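Report on one structure; see the data block that follows.
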Amino acid sequence: MKTDLWLLAALYFGGAVDAAISSNYTEALLSSGTVKLGDWQDAYDKASQFVSSLSTTDKISIITGGSAGNFSGLVTLDSSSNPIDYYFVTAWPAGLAMSMTWDKDAITGQGKALGAEFKGKGVNVAFAPTVQPLGRSAWAGRTGETYGPDSFLAGIMSGAMAKGMAMSGVTPSAKHYILNEQETNRQGSTTGGGGGGGGGMPGGDPTTNGTDGGMPSIRRRQNSGNTTSSSSEAYSAVVDDKTFHETYLAPFYDTVKAGVGGVMCSMQRINGSYGCENQDTLGRYLKVELGFPGFVHPDAGAQHTDFDSANAGLDYGSSSYWSNSTLIAGIANGTFTEARLDDMATRVLISYFRQSQESYPAHAGFTDDVDVRQNHSALARTYAANSIALLKNTNNALPLKNRRSISIFGIHAAPRYVGPNTALSVMSGVGPTMDGHMTQVGGSAMSSAAFIVTPVHAFVERAMKDGFMLRWWLNDTVTTSQSGMMVSNGAGTELVETTVGVTANSDACVVFLNAWSGEGGDRSELANADQDYLVNTVADNCNNTIVVVNTNGPRLLDQWATHENVTGILYGGPLGQSSGHAINDILFGDVNPSGKLVHTIAKNESDYDSGTAISEESEIQFTEGNFIDYKYFDQKNITPRYEFGYGLSYTTFDYGDSVEISPDTEKLSSEYATGSLAVGGREDLWDIVAEASISLTNSGDIAGAEIAQLYVEFPSAADEPIRQLRGFQKVMIEAGSTEKATFQLRRRDLSIWDVETQEWAIVRGDYILHVGASSRDLKVSGTITV
């Protein structure tokens, strides 16, 4: 989008332009002083001084992935689970699993350890965290690598991840900015151009630096050297200004505040303009409103033009578009400016200097034997176990104590036929379930595991230790006949080799299911007929059936969840390399479950908003506005099977009779945010304007962690969802003890986006604060009157 279309773009989002924020792109230049750089200032001074010493040709080299002076260029790489494709790295739990911990310290710890692995391999910029797709659609294929459909939770968790990564010395780069909520038609049918800058160098060479999309088997259109692309265009996400800010832009506030040095712009169009040449979203909102000081780089194939992309806010792109002849000619004829080129080069370098990467490990290469794992295996197992949600536990079926005979079922319990790593590309035709133990997402956020612990492996270890009889049926297909086989009646330990035969004389039957997806394709189902038939068959013949589900998105359970013999349900995301151990830690009570859901599990597929189903239309209207996931279920008064925020424990927790609230009336007296523009947005948006607390008592007989959640009900004039998550705290409590959960509310947590003034505003009226164990299990309430 060109500079002279700035006003039209802002009006298209539904609001007038605030001249104090920006009236043209020059406000987004770091040199303009529009944004207070704070602790980025020293790095900016170093970067701008370095750029001032370079020739125009050197600057163009920097913004197209090359070197200049004593700067040797950036090494960039996916993913949020580990340095993708590299040997001797940790395969961490994916974003969905980490979000289910609801543990800010844990995800910061993961970010710090993950960042150290990138740095140890000599990678300057890590494409993580994956902030979006947020998950407006239950059928979206890529939500396994993100942090759930609630913008507050996603922002807190992705921000904590980015903070941890930055602490390690690597530069985190948040993706995908913005509104890329489905994989279907995200690129269109490109036949030329398109610079592969999403992953390694802006030229898109996956053999040196990787691409967003991960394995080289995930095909990307390569540059043809054209200055524009010839294609049927990608879908356009059409969204109103209020929804854009409150649901989709909100999590990026947290990552920018946390210190991301890069942002990856997305493939699809936004209100008609491609994400990497949309001056409104890049220049005005990201670089000015959010005060982002770093560089914007494109997802693979997401750059389509030369000057439109550069003038809109793309900083790091393809030399096929940004050649010496092209940009130098643009400067000469006024299509482009030296000031903008300086800004681009400075932004590429600012985090390099902020992270002190002048002294950095040499790039190790994919198969180099540099081992960067340290003690991370233990952390990965702990985080995985603490992410698993216990959804059902009838008659104390779990933990599995003093069992004489246990049988396990399902292909998900076993290794894949080859592994641990394969070309896990959704686009290659892999089905909606994985034939083997699913521990990761597909595509650019997949793991490069040195090993995978499967449930079979963990159960064999446990049987050796505890002495129970162990049997297995490692198939999702139910078999009732043994025709053609020489068998007995299964006397003693000899099996009747049918599904039902394996259930015989079992004290517990554990069935393993998965739902797999990832980059490149959306989900074709929310349940699986073969898997569900397996569960029902086992449950019909085993009165103590426990089901373990690992999934990359909402997975329906009602096909068997209410079966009287289904006594336990564990539910988790992709758990990484120690998945089998983590699951067994919960099943056998070594770890008390504390994970909670970060998406709503409906009773029926039709309960999800059909308006958010995957679309093949060229324009996708986000008509649901802010009402996604639990906010939609609340709005329509639909009862879910298991609600957002739900999860049980092996102990019980009692909430206090009241919530203590301490508002800061002085900070709440101003209707609009008026602070200086700074990194992370207006400074006063981060002011603590109220504090709430409640007592929690562990009334059981073992220690456990409870996740207390704070939901805010806005005044009716705000036109907001019925309730919205605005605080959470994971509190470890010893048996019989009482602890306090405390929530700090920032100004932005009580603000809405005023489309007329183009500013964050606090509406006058009553704000009701609900505290409870989930979005539907609210224990106590209190009120703040503004």
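This structure is a prediction, so every number in the text was calculated from the model and none was measured. We use all heavy atoms of the structure for the numbers below, so side chains are in, but hydrogens, waters and symmetry mates are not.
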Heavy-atom closest pair, residues [X] and [Y]:
{"X": "Gln440", "Y": "Ser447", "answer": "OE1-N, 2.5 Å"}
{"X": "Ile569", "Y": "Ala561", "answer": "CD1-CB, 4.1 Å"}
{"X": "Gly442", "Y": "Trp516", "answer": "CA-CZ2, 3.5 Å"}
{"X": "Arg523", "Y": "Ser517", "answer": "CG-CB, 3.9 Å"}
{"X": "Ala539", "Y": "Asn565", "answer": "O-ND2, 2.8 Å"}
{"X": "Leu134", "Y": "Pro251", "answer": "CD1-CG, 4.3 Å"}

Q) What do the steps show when you test Arg381 against Asp585 for salt bridge (charged side-chain N to carboxylate O under 4.0 Å, His left out), and what is the final call? A) CA-CA 9 Å; Arg381 177 173 176 171; Asp585 288 343; 2.9 Å; yes

Within the 4.5 Å heavy-atom criterion, are [X] and [Y] side-chain neighbours or not?
{"X": "Asn386", "Y": "Thr382", "answer": "yes"}
{"X": "Val549", "Y": "Asn514", "answer": "no"}
{"X": "Pro415", "Y": "Ile452", "answer": "no"}
{"X": "Leu391", "Y": "Leu557", "answer": "yes"}
{"X": "Leu513", "Y": "Asn528", "answer": "no"}
{"X": "Thr146", "Y": "Gln132", "answer": "no"}
{"X": "Val500", "Y": "Asp540", "answer": "no"}
{"X": "Glu564", "Y": "Asn543", "answer": "no"}

Q: Decide yes or no on salt bridge (charged side-chain N to carboxylate O under 4.0 Å, His left out) for Glu525 and Arg555, but give the supporting numbers first.
A: CA-CA 9 Å; Glu525 62 182 31; Arg555 207 284 189 190; over 6 Å; no

Ignoring hydrogens and angles, tell me if any N or O in the side chain of [X] forms a donor-acceptor pair with the backbone of [Y] under 3.5 Å.
{"X": "Thr90", "Y": "Trp92", "value": "no"}
{"X": "Glu145", "Y": "Gly95", "value": "no"}
{"X": "Tyr86", "Y": "Ser448", "value": "no"}
{"X": "Asn82", "Y": "Val89", "value": "no"}
{"X": "Asn592", "Y": "Ala703", "value": "yes"}
{"X": "Gln577", "Y": "Ala380", "value": "no"}
{"X": "Thr499", "Y": "Thr479", "value": "yes"}
{"X": "Tyr87", "Y": "Ala450", "value": "no"}
{"X": "Asn604", "Y": "Ser606", "value": "no"}
{"X": "Glu117", "Y": "Pro83", "value": "no"}

Q | Centroid separation Trp102 to Phe644 less than 6.0 Å | A | yes

Q | Ring-ring centroid check His581 Phe459, cutoff 6.0 Å | A | no

Would you say [Y] and [X] are linked by a side-chain donor-acceptor pair, where the criterion is simply a distance under 3.5 Å?
{"X": "His176", "Y": "Thr130", "answer": "no"}
{"X": "Ser444", "Y": "Arg142", "answer": "yes"}
{"X": "Ser266", "Y": "Gln268", "answer": "yes"}
{"X": "Asp476", "Y": "His412", "answer": "no"}
{"X": "Ser506", "Y": "Ser407", "answer": "yes"}
{"X": "Asn544", "Y": "Thr567", "answer": "yes"}
{"X": "Thr639", "Y": "Lys603", "answer": "no"}

Q. Is it the case that more than 12 heavy atoms not belonging to Asn395 sit under 6.0 Å from its CG atom?
A. no

Q. With a cut-off of 6.0 Å (strictly less than), are more than 12 heavy atoms of other residues, nucleotides or ligands near CH2 of Trp139?
A. yes

Rounded to the nearest 0.5 Å, what separation is found between the [atom1] atom of [X] and the [atom2] atom of [Y]?
{"X": "Leu153", "Y": "Phe728", "atom1": "CG", "atom2": "CZ", "answer": "5.0 Å"}
{"X": "Arg404", "Y": "Asp507", "atom1": "CZ", "atom2": "CG", "answer": "6.0 Å"}
{"X": "Ser137", "Y": "Asp522", "atom1": "OG", "atom2": "CG", "answer": "7.0 Å"}
{"X": "Asp85", "Y": "Phe366", "atom1": "CG", "atom2": "CZ", "answer": "5.0 Å"}
{"X": "Thr600", "Y": "Tyr632", "atom1": "OG1", "atom2": "OH", "answer": "11.5 Å"}
{"X": "Leu474", "Y": "Ile408", "atom1": "CG", "atom2": "CD1", "answer": "6.0 Å"}

Q | Passing candidate, side-chain hydrogen bond (donor to acceptor under 3.5 Å, both in side chains) with Trp560, options Asn536, Thr537, Asp532 | A | Asp532

State plainly whether the residues [X] and [Y] are in salt-bridge range, i.e. N to O under 4.0 Å.
{"X": "Lys121", "Y": "Asp368", "value": "no"}
{"X": "Asp558", "Y": "Arg641", "value": "yes"}
{"X": "Arg462", "Y": "Asp590", "value": "yes"}
{"X": "Arg186", "Y": "Glu519", "value": "yes"}
{"X": "Glu706", "Y": "Lys596", "value": "yes"}

Q: Test Ile583 against Asn550 for side-chain contact (heavy atoms from CB on, under 4.5 Å), laying out the working first.
A: CA-CA 10 Å; Ile583 292 169; Asn550 291 99; 3.7 Å; yes

Q: List in chain and number order the residues that pass salt bridge (Lys or Arg N to Asp or Glu O under 4.0 Å) with Arg136, two or more places apart in sequence or in another chain; answer none if no residue qualifies.
A: Glu624

Q | Derivation of the side-chain contact (heavy atoms from CB on, under 4.5 Å) call for Ile388 and Leu575 | A | CA-CA 9 Å; Ile388 297 170; Leu575 299 178; 3.8 Å; yes

**Q.** Stepwise side-chain contact (heavy atoms from CB on, under 4.5 Å) test for Ile586 and Leu390
**A.** CA-CA 9 Å; Ile586 299 294; Leu390 174 64; 5.8 Å; no

(Q) Among Tyr630, Tyr642, Tyr608, Tyr571, which residue satisfies the ring-ring contact (aromatic ring centres under 6.0 Å, His included) criterion with His599? (A)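 So the option named by the test is Tyr571.
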
Q.
Using side-chain contact (heavy atoms from CB on, under 4.5 Å), reason through Gln110 and Met161 one step at a time and then give a plain yes or no.
A. CA-CA 7 Å; Gln110 185 205 27; Met161 176 75 157; 3.5 Å; yes

Q) Aromatic rings Phe468 and Phe588: how do their planes relate, parallel, tilted or perpendicular, breaks at 30° and 60°? A) parallel

